[in-house]
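Keep in mind that what you see is a predicted model, and the values were worked out from it rather than measured.
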Amino acid sequence: ETGVTQTPRHLVMGMTNKKSLKCEQHLGHNAMYWYKQSAKKPLELMFVYSLEERVENNSVPSRFSPECPNSSHLFLHLHTLQPEDSALYLCASSLKASGGSANTGELFFGEGSRLTVL
Amino acid sequence: GENVEQHPSTLSVQEGDSAVIKCTYSDSASNYFPWYKQELGKRPQLIIDIRSNVGEKKDQRIAVTLNKTAKHFSLHITETQPEDSAVYFCAASIGNNDMRFGAGTRLTVKP
């Protein structure tokens, strides 16, 4: 147990559904991330919330919408997804020093949410 | 932005042999290079990392080397054991901002 919890672990949804993935960390970290893991591809960074600022990733479709109400919780809202969005979505957290440049470096990952879009 | 290439994509070794996984990066400003291990159905976990101010780091059977000039770094596992079987990911970042991962190497250690 690394202190990063994701729910649900598995999710099956139709293309017209709206669902959300949830991530919670109990490590006192101040940065949280969403990564997409597809077979035989690199882990793709989708979104970063760092020191309460969101870092945009212009390559992520607008059907994915992140929300970070506080430093311990992170959501990924899903709307009108496509079958190619089926993947494992990993949440991670880390500790960043003030200024955002120096940090411990280590990402602590959750177990992931396996998403299947029909 | 940073681009990380990882080779090989699959690697099979006999128990007791050594395994080497190599990565190259594109951004010369990158200064932090972690390696993550992901066992089947589990989360990626950090196994070793190296910063740009050192050329080599060792932790028991695992070592990482960094060549800043050539912009490549490698993971070395000696005396491999079946429990080393997993997918290994390299990554590169400037600090911990925008960490970019390689595509992963599936290592199989045959008993």
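Using non-hydrogen atoms only and a strict 4.5 Å limit, the part of residues 101-111 of chain B facing chain A consists of Phe101(B), Gly102(B), Ala103(B).
Taking a 6.0 Å sphere around CG of Leu118(A), one finds it holds more than 12 heavy atoms contributed by other residues, nucleotides or ligands. No more than 12 heavy atoms of other residues, nucleotides or ligands shown are found within 6.0 angstrom of CD on Glu79(B). Counting heavy-atom neighbours within 6.0 Å of Gln14(B) CD, excluding the residue itself, gives a total above 12.
When side chains are defined from C-beta on, Leu107(A) counts as touching Tyr36(B), because their heavy atoms get closer than 4.5 Å.
Identified under the salt bridge (charged side-chain N to carboxylate O under 4.0 Å, His left out) test for residues 59-76 of chain B, with sequence neighbours left out: Arg61(B)-Asp84(B).
Residue Glu44(A) does not touch chain B at all, counting heavy-atom pairs closer than 4.5 Å. Within the 4.5 angstrom heavy-atom criterion, atoms from both the backbone and the side chain of Pro44(B) approach chain A. Looking at Gln38(B), the atoms closer than 4.5 Å to chain A (heavy atoms on both sides) all sit in the side chain, from C-beta outward. Residue Leu90(A) touches chain B through its side chain alone, counting heavy-atom pairs closer than 4.5 Å.
Hydrophobic clustering places Ile21(B) together with Val13(B) (ILVMFWY residues linked when any side-chain heavy atoms are closer than 4.5 Å, directly or through intermediates). Connection of Tyr89(A) to Met15(A) is established within a shared hydrophobic cluster, with ILVMFWY side chains joined at heavy-atom distances below 4.5 Å, either directly or through further cluster members. There is no path of hydrophobic side-chain contacts, each under 4.5 Å, that joins Leu43(A) to Phe33(B). Under the 4.5 Å side-chain contact rule for hydrophobic residues, Trp35(B) and Tyr32(B) do not share a cluster. Under the 4.5 Å side-chain heavy-atom criterion for grouping Ile, Leu, Val, Met, Phe, Trp and Tyr, Leu46(B) is not connected to Ile50(B) through any hydrophobic cluster.
Here the CG-CE distance, from Leu45(A) to Met99(B), works out to 9.5 Å after rounding to the nearest 0.5 Å.
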